[in-house]
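Basis for what follows: all heavy atoms, side chains included, without hydrogens, waters or symmetry-related copies.
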Amino acid sequence: MVTIMKLHLRISIRLLLVAASLSSVGLAQSRYAAPFENYRRSHDSEKLGNELRDVSGIKFSEDIPYLIGVISNDNEETLVRWARLKLLTITSGLVGVDIAAIQDRFLPAIPVFENHLASASTDDEKFQWAMSIASLTAFVGLQPTPDGLSLFYRMVESGHEGNRRIALLALARVKPLPAKAKGLILHHYPGEFPSARLGRFAFALEDADIQKEFVSFLDSDEVQDQQLAAKTLADVGPRARPALAALIRLQNRPGLDETVARNVKKAIDAIDRNRSELNR
C-alpha cells in the first residue's frame, strides 16, 4: 500500500509540473484546436474525424503541447482518444528523422500517459496506454522512467505480439542498454519475420553484438537478406550511422542488386546529410 501511495504521489507531482509547463504555451494556436472546440459544441464525431483528417503537416511548437494538454486535462473521452491517436501518429512518423531539436517537446507526455495507465480499468485501456508509453521511447527516443522500463519488460513477456513488438523497439532505444533488454532484443521469437528482428536491431546499432547480427544480413550472399537489411537502414536514416562501414562495403560489391544499391545509397546519403548538419 505504501509503495502504491508513493507511486501515485510521484505521478501527481509530475502532472502538476506538466500542467504548469503546458499553461505557459499558446495552446490555442494549434491547428487541432478548432476541430476539438467544434466537437465540444456539437459532439459530432463524424465531423470531428473529417476535420482532423484535413490537418496536414506538423507544427511541433504548437501541436505537441496542445495534444498533450488535451490528454492531460480534458474530460471528453472522445477528444482524449483522438488526441492520443494523433500524437502517436506523429511519433510513429518520426522514424528516420533526426529529432534531437524537438525531442523535449514530448517529455510532458510521459507522466500524463503513466497516469492514464495507472487509472485504466480495462485490459483494452491498459493496452492502449502501455503502447503509448512505449511509443514515446521507441519513436521519439525518450528515456523511460524505472516504472516505464519495468512496463516494457512486462509487455515483452506478456505473450501478446503487438505488446512485444513495440516494447522491443522501445527497449532498443534505452541507453545504456541493459543486459536483460539486450537478451530480449537478440532473442528469436517463434514465428517472427526477419523484418521484425532487423527492425529492432536497427534501433540499437550502437551495441556491438546487435550490430554484428544486423551486419550479417548486409554481408550475406543472399540478395533477399541484402534487400531487407538495406531497406531497413534506408528507413531509419541517420540512426544507421553505426553500420556505415558495412554499407560502404556492400555498395562496392560487384554486381550488386539494383534495389539493394538504391537503398544503400539512400541510407548513406541520410547519414552524410545528417553529419553535415551536425557540423554546421
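With a 4.5 Å cut-off on side-chain heavy atoms, Ile133 and Glu114 count as touching. Between Glu51 and Val55, the closest side-chain pair of non-hydrogen atoms is not below 4.5 Å. Counting only heavy atoms from C-beta outward, the side chains of Phe203 and Thr137 never approach each other to under 4.5 Å. Residues Tyr39 and Leu52 fail the side-chain proximity criterion, which asks for heavy atoms closer than 4.5 Å. Taking 4.5 Å as the limit, some side-chain heavy atom of Arg105 sits within range of a side-chain heavy atom of Ser61. Side-chain contact between Leu48 and Asn38: absent, with no pair of heavy atoms (C-beta onward) separated by less than 4.5 Å. Within the 4.5 Å cutoff, no side-chain heavy atoms of Val80 are placed close to those of Glu77. The shortest side-chain heavy-atom distance between Thr232 and Ser195 does not fall under the 4.5 Å cut-off.
Scored by the ring pair (Phe, Tyr, Trp, His ring centres under 6.0 Å) test, Phe127 finds His160 as partners (sequence neighbours excluded). Under the rule for a side chain to side chain contact (heavy atoms under 4.5 Å, CB included), the partners of Ala83 that lie at least two apart in sequence or sit in another chain are Phe36, Leu67, Val70, Ile71.
Of the inter-residue distances, the one linking Ile64 atom CD1 with Asp104 atom CG reads 12.5 Å to the nearest 0.5 angstrom. Separating the CD atom in Glu206 from the NZ atom in Lys175 is a distance of 4.5 Å, to the nearest 0.5 Å. Here Met131 contributes atom CE and Leu151 contributes atom CG; the two are 11.0 Å apart, rounded to the nearest 0.5 Å. Residue Glu161 holds its CD atom at 5.5 Å from CZ of Arg164, rounded to the nearest 0.5 Å. Put simply, CG on Asn115 and CD1 on Ile110 are 13.5 Å apart, with the number rounded to the nearest 0.5 Å. In this structure, Leu168 CG and Tyr153 OH are separated by 11.0 Å, a value rounded to the nearest 0.5 Å.
Arg200 places a side-chain N or O within donor-acceptor distance of the main-chain N or O of Ile185, the cut-off being under 3.5 Å. With Arg31 contributing its side chain and Ser56 its backbone, the two residues share a donor-acceptor pair below 3.5 Å. Checked by atom type and distance alone, the side chain of Ser158 pairs as donor or acceptor with a backbone atom of Met155 at under 3.5 Å. Checking side-chain atoms of Ser72 against main-chain N and O of Ile68 turns up no donor-acceptor pair under 3.5 Å. Formation of a donor-acceptor pair under 3.5 Å by the Tyr32 side chain with backbone atoms of Glu62 is not found in this model. A donor-acceptor contact shorter than 3.5 Å is absent between the side chain of Glu37 and the backbone of Ala33.
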Item to complete: Run the numbers on Leu233 and Phe214 for side-chain contact (heavy atoms from CB on, under 4.5 Å), then give the verdict.
Response: CA-CA 10 Å; Leu233 292 181; Phe214 190 100; 3.5 Å; yes
Discussion item. Between His116 and Arg84, does the side-chain contact (heavy atoms from CB on, under 4.5 Å) criterion hold? Intermediate values first, please.
Written reply: CA-CA 11 Å; His116 276 283; Arg84 184 185 67 82; over 6 Å; no
Worksheet item: What do the steps show when you test Gln128 against Asp124 for side-chain contact (heavy atoms from CB on, under 4.5 Å), and what is the final call?
Response: CA-CA 6 Å; Gln128 297 298 336; Asp124 183 61; 3.7 Å; yes
Discussion item. The test is side-chain contact (heavy atoms from CB on, under 4.5 Å); show your working for Phe201 and Val215 and say whether it passes.
Written reply: CA-CA 10 Å; Phe201 289 170; Val215 169; over 6 Å; no
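Lys180 NZ: more than 12 foreign heavy atoms inside a 6.0 Å radius. Atom CD of Glu157 sits in a crowded spot, with more than 12 heavy atoms from other residues, nucleotides or ligands closer than 6.0 Å. By the 6.0 Å contact criterion, CG on Asp123 is open, its count of non-hydrogen atoms from other residues, nucleotides or ligands being 12 or less. Within 6.0 Å of atom NZ in Lys231, 12 or fewer heavy atoms from other residues, nucleotides or ligands are found, so the atom counts as exposed in its surroundings.
Listed by first and then second residue, the side chain to side chain donor-acceptor pair (under 3.5 Å) pairs that reach into residues 253-263 are Gln227-Asp257, sequence neighbours excluded.
Listed here is the closest heavy atom pair of Ala134 and Ala170: O-CB, 3.5 Å. Of all non-hydrogen atoms in Asp235 and Lys266, the two that sit nearest each other are OD1-NZ, 4.4 Å. In this structure, Ala172 and Ala204 approach most closely via the heavy-atom pair O-CB, 3.4 Å. In terms of heavy atoms, Pro238 sits closest to Ile271 at O-CG1, 4.4 Å. Listed here is the closest heavy atom pair of Gln143 and Arg173: NE2-O, 2.9 Å. The nearest pair of heavy atoms linking Leu149 to Leu171 is CD1-CD2, 3.7 Å.
Between the side chains of Glu76 and His43, at least one donor N or O lies within less than 3.5 Å of an accepting N or O.
With respect to the salt-bridge test (charged N to carboxylate O, under 4.0 angstrom), the residues Arg249 and Asp219 qualify.
Hydrophobic clustering keeps Leu85 apart from Phe113 (ILVMFWY residues linked when any side-chain heavy atoms are closer than 4.5 Å, directly or through intermediates).
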